[in-house]
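Below: one structure, written as structure tokens.
This is a predicted model, so every value here is computed, not measured.
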Amino acid sequence: QLQLVESGGDLVQPGGSLRLSCAASGFTLRHVAVGWLRQAPGKEREKVSCISSSGGTTKYSDSVKGRFSISKDNFRNMVYLQMNSLKPEDTAIYYCARIESCMSINIVPLFWGQGTQVTVSS
């Protein structure tokens with residue numbers, strides 16, 4: 001069965017850092033592109049970041065560029081989202097998704113996991 005399981009979400013203070021993990025099962029990450037999306041209460045779903053199948057291409061939304069970094073570990077079949085300089089507006093449920101491609105930040109999710117909650121607050 002194809003599965004993506006996010007973890008690492010937590011309550012963190014503004015300016016802090018957090019690393020989200022996404023464990024893939026049922027398929028290998030070596031040959032697929034993966035992305036992160038987030039959904040905040042009262043806001044539209046936002047496409048946050050993506051990484052190509054090779055890992056050679058990454059994309060970020062303007063709101064997180066310079067603060068977030070996506071990476072993948074093909075050996076462990078894991079995808080990560082390192083989040084630094086967190087702001088209250090980063091508060092959302094974060095989802096890892098297998099995507100069509102990482103040609104641009106306008107990613108198209110094929111399927112995703114259950115999400116993990118990130119709360120940035122004092």
- Message: Is any side-chain heavy atom of Val120 closer than 4.5 Å to one of Lys87?
- Response: no
- Message: Assess whether a salt bridge exists between Asp62 and Lys65, defined as any Lys/Arg side-chain N lying under 4.0 Å from an Asp/Glu carboxylate O.
- Response: yes
- Item | Cluster overlap Leu4 with Ile70, hydrophobic side-chain contacts below 4.5 Å | yes
- Query: Do other residues, nucleotides or ligands put more than 12 heavy atoms under 6.0 Å from the CZ atom of Phe111?
  - Reply: yes
- Item | Under 3.5 Å: donor-acceptor pair, side chain of Asn77, backbone of Leu29 | yes
- Can you tell me if Ser121 and Thr119 form a side-chain donor-acceptor pair at under 3.5 Å? no
- Task: Examine distances only and state if a side-chain atom of Lys72 and a backbone atom of Ile51 form a donor-acceptor pair shorter than 3.5 Å.
- Result: no
- Message: Are the side chains of Met83 and Asp90 in contact, using a 4.5 Å heavy-atom criterion?
- Response: no
- Message: Applying the side chain to side chain contact (heavy atoms under 4.5 Å, CB included) criterion to Leu20, which one of Tyr94, Tyr80, Phe68 satisfies it?
- Response: Tyr94
- Taking a hydrophobic cluster as the set of Ile, Leu, Val, Met, Phe, Trp and Tyr residues connected by side-chain heavy atoms closer than 4.5 Å, whether directly or through intermediates, do Val34 and Ile99 fall within one such cluster? no
- Task: Tell me, yes or no, whether the heavy-atom count around Glu100 atom CD, taken from other residues, nucleotides or ligands under 6.0 Å, exceeds 12.
- Result: no
- Taking the side chain from Lys47 and the backbone from Ile107, do they hold a donor-acceptor pair closer than 3.5 Å? yes
- Note on the structure: Taking every heavy atom of Ala92 against every heavy atom of Arg38, the minimum-distance pair comes out as CB-CB, 3.8 Å
- Message: Could you check whether any side-chain N or O of Glu6 sits under 3.5 Å from a backbone N or O of Gln114, counting only pairs where one atom can act as donor and the other as acceptor?
- Response: yes
- Message: Tell me whether Phe27 shares a hydrophobic cluster with Leu110, the cluster being built from Ile, Leu, Val, Met, Phe, Trp, Tyr side chains joined at under 4.5 Å.
- Response: yes
- Shared hydrophobic cluster for Val32 and Phe75 (ILVMFWY, side-chain gaps under 4.5 Å): no
- Would Ile105 end up clustered with Val48 when hydrophobic side chains under 4.5 Å apart are linked, directly or stepwise? no
- Side-chain heavy atoms of Tyr60 within contact of Ser69, under 4.5 Å: yes
